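Values in this document were obtained by computation on a predicted structure and should not be read as measured data. Chain letters run A, B, ... following the sequence lines, proteins first and then strands; every chain starts at 1.
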Amino acid sequence: MRTVKLYNSLTRQKEIFTPIDPDNVRLYACGPTVYSYAHIGNARMAVVFDTLAGLLRTIYPKVTYASNITDVDDKIMTAAKETGQPIDAITKKYADIYNADMAALGCAAPDIQPRATTHIPQMIALTQKLIEKNHAYASDGHVLFHVPSFPAYGGLSGRSRDEQIAGARVEVASYKKDPADFVLWKPSKDDEPGWDSPWGRGRPGWHIECSAMAEQHLGLPFDIHGGGADLKFPHHENEIAQSCCAHGHETDLAAFAKTWVHNGFVTVEGEKMSKSIGNVMLAHDLLESYPGEALRLTLLSAHYRQPLDWTQSALEQSKKTLDRLYGVLRDLKDIEASPNEEIPTDFMDALCDDLNTPKALAALLALSKTAAKDKTPQHKKQLLCAANLLGILQQNSDEWLGYTRDTSDPDAAKIESLLQERNEARRSKNFARADEIRAQLTAMNVTIEDTPTGAIWHKSN
RNA sequence: GGCGCGGUGGCAGAGUGGUUAUGCAGCGGAUUGCAAAUCCGUGUACACCGGUUCGACUCCGGUCCGUGCCUCCA
């Protein structure tokens with residue numbers, strides 16, 4: 001059987017991935033807080049873990065992929081205040097948009113998409129457990145995790161508690177026993193969302209939800225926990241602290257999740273993406289002008305752990321690459337893909353080596369070259385299988401390339417008649433007129449190709 | 001200040017102790033009335049300085065530069 005190697009942030013090395021239960025590989029990735037449109041950084045996380053889940057599915061009989069939606073958070077409350085909309089309206093709206101946008105990027109829906117607000121009792125129970133075990137304390141309506149009670153704290157991000165305090169830029173709240181302590185539960189004002197709890201009406205801190213939801217839906221320990229690199233500290237560090245301490249695994253950081261996978265950051269045209277610079281690229285907006293597959297390919301064109309600079313030219317290049325691949329598929333239209341064919345070894349080797357998508361893509365391009373030349377059912381099938389694993393080439397090639405005829409298009413008749421006229425002109429060697437017509441069609445976004453069997457055209461976009 | 005990551009040909013981007021990454025662009029050619037599309041050919045690039053080695057872009061040390069995180073953040 002094939003094995004996958006993954007870089008484990010917890011051990012800081014590439015490891016051979018061995019499932020805890022080979023009959024059910026369990027994967028959790030931290031999803032978005034739904035207060036706005038998903039940006040290209042959110043999309044990278046979704047695409048990376050979708051691809052990882054897909055790879056694992058080709059190897060193991062069952063994969064359970066959970067990715068949460070955070071629907072209670074101070075940022076959401078702020079958005080509600082600013083827009084005057086109710087909180088649930090906002091979270092529902094943006095959760096739906098998130099799912100639609102990620103689907104457009106070729107991401108399969110996670111098997112489980114838990115929401116924080118439907119897991120409040122589990123979070124309260126977990127918090128109580130931590131208090132019972134003296135890892136947390138109630139203070140001034142808050143419940144805080146007491147970091148000094150967990151000497152192993154900091155193991156994921158590799159920083160000692162003292163270092164954090166030295167580097168802290170934030171004022172220490174008075175209700176904290178220790179500057180590093182973090183909130184498990186906090187009180188809500190009357191106009192804020194809240195739930196009854198043993199500590200009064202309040203709402204959960206950010207980190208506890210993932211601990212509670214991962215435990216409930218996947219069981220502990222589970223195989224892989226993922227998310228953006230920036231979540232390593234404090235979010236993932238705190239998840240580990242909560243979950244390990246609640247279950248008496250104070251010395252074993254892997255008692256929550258065995259393998260930690262973090263994707264790198266996305267910059268935009270060389271700059272950090274931020275609201276103040278105004279360069280936040282929203283998946284939703286990009287999908288207006290580019291197909292989801294082009295966005296997806298761009299996100300997979302760098303290794304997932306490397307930083308990715310999002311540029312217009314990278315996006316154009318992805319589009320071009322897809323055009324060429326679809327062109328190959330179009331040439332193979334009449335070839336029936338052979339029913340069962342293995343995914344090519346070098347392609348799989350690349351993906352299995354810590355999800356090396358750029359290398360896999362190179363293998364796929366080599367494969368497309370072979371397929372275009374040999375035109376065999378086997379090669380076609382291999383190409384389709386490999387592309388499927390990357391989540392590309394899922395569409396009809398004619399449609400992608402603009403060869404399909406939309407009869408409702410008001411230009412269609414005009415294009416046809418111009419093409420006719422050009423054919424006439426060419427036959428009578430009136431090339432000046434023929435070129436004039438081509439220029440006219442080019443202006444209409446129509447590209448002509450003269451083939452041995454006659455001229456064909458497609459819409460260029 | 002602390003912890004981390006990275007500097008590869010015009011651009012994007014893998015990888016390796018000694019052998020072509022790949023793609024885009026460019027250049028040359030085939031094809032075409034001219035194009036388009038396609039095909040063929042074409043680039044000894046690995047920040048700098050030392051060290052280890054028969055041999056380093058790849059390992060070690062240092063320098064410079066860029067960048068991320070340090071309790072809002074995918």
Side-chain angles (χ1 to χ4, degrees), chain A residues 9 12 29-33 35 38-49 67 73-75 78 147 154 157-160 162-170 172-173 176 179-183 205-207 226-235 237-238 262-267 270-275 280 297-298 301-303 305-309 311 313-318 320-321 323-324 327-328 330-331 350 353 356-366 369 372-373 401 425-426 429-432 434-435 438-439 442 447-452 455-458 460:
Chain A
S9 304
R12 286 152 225 259
C30 288
T33 301
Y35 65 102
H39 54 65
I40 203 68
N42 297 304
R44 187 179 198 190
M45 166 262 141
V47 166
V48 164
F49 290 100
S67 186
D73 179 274
D74 288 3
K75 288 194 295 289
T78 307
V147 170
S157 54
R159 45 190 114 209
S160 73
D162 292 344
E163 284 164 0
Q164 289 154 45
I165 294 165
R169 299 185 299 208
V170 170
V172 178
K176 287 190 182 181
D181 292 354
F182 59 90
V183 171
W206 172 37
H207 316 295
D230 58 318
L231 293 184
K232 217 187 268 187
F233 186 88
H235 185 55
E237 201 73 81
N238 292 355
H262 291 98
N263 64 271
F265 245 59
V266 179
T267 54
E271 274 189 303
K272 182 181 163 134
M273 190 163 53
S274 82
K275 277 188 183 154
V280 176
L297 185 61
T298 306
S301 66
H303 183 87
R305 280 191 283 121
Q306 293 301 125
L308 175 76
D309 190 28
T311 62
S313 69
L315 188 51
E316 295 285 354
Q317 197 177 314
S318 297
K320 229 185 254 190
T321 301
D323 285 346
R324 197 153 51 77
V328 171
R330 188 165 186 273
D331 287 343
D353 184 11
N356 192 333
T357 51
K359 199 174 182 185
L361 183 63
L364 186 144
L365 289 165
K369 215 168 244 188
K373 199 183 286 174
L401 294 167
R426 289 185 71 217
K429 307 248 187 248
N430 184 355
F431 295 122
D435 290 347
R438 183 166 60 204
T442 302
T447 305
I448 296 176
E449 295 167 46
D450 292 321
T451 73
I456 57 172
W457 62 272
H458 65 95
S460 40

If the [atom1] atom of [N] is compared with that of [M], how far apart are they to the nearest Å?
N: rG13(B); M: rA21(B); atom1: C1'; value: 10 Å
N: rA14(B); M: rU8(B); atom1: C1'; value: 10 Å
N: rU52(B); M: rG17(B); atom1: C1'; value: 12 Å
N: rC5(B); M: rG9(B); atom1: P; value: 22 Å
N: rC27(B); M: rG66(B); atom1: P; value: 34 Å
N: rG15(B); M: rG7(B); atom1: C1'; value: 16 Å

Are the ring of Phe265(A) and the six-membered base ring of rG68(B) within the stacking cut-offs of under 5.5 Å and under 30°? no
NA contact type, Arg324(A), heavy-atom cut-off 4.0 Å: base, sugar-phosphate, or nothing? sugar-phosphate
Is the shortest side-chain N to carboxylate O distance from Lys359(A) to Asp353(A) below 4.0 Å? no
Inspect the contact between Asp435(A) and Arg438(A) and indicate whether a charged nitrogen and a carboxylate oxygen are less than 4.0 angstrom apart. yes
Let me check I have this right: for RNA chain B, each base becomes ., (, ), [, ] or |, based on Watson-Crick or G-U pairs with both distances under 3.5 Å. What is the full string? (((((((..(((.....[...))).(((((.......)))))....(((((..]....))))))))))))....
Is Lys272(A) close enough to rC69(B) that one of its side-chain N or O atoms is under 4.0 Å from OP1 or OP2 there? yes
Less than 4.0 angstrom between a side-chain N/O of Lys369(A) and OP1 or OP2 of rG23(B), yes or no? yes
Any N or O donor-acceptor pair linking the side chain of [X] to the base of [N] at under 3.5 Å?
X: Arg44(A); N: rA74(B); answer: no
X: Asp435(A); N: rG33(B); answer: yes
X: Arg438(A); N: rC34(B); answer: yes
X: Asp230(A); N: rC70(B); answer: no

Return the nearest nucleotide to the side chain of Thr447(A); candidates are rC72(B), rA36(B), rA35(B). rA36(B)
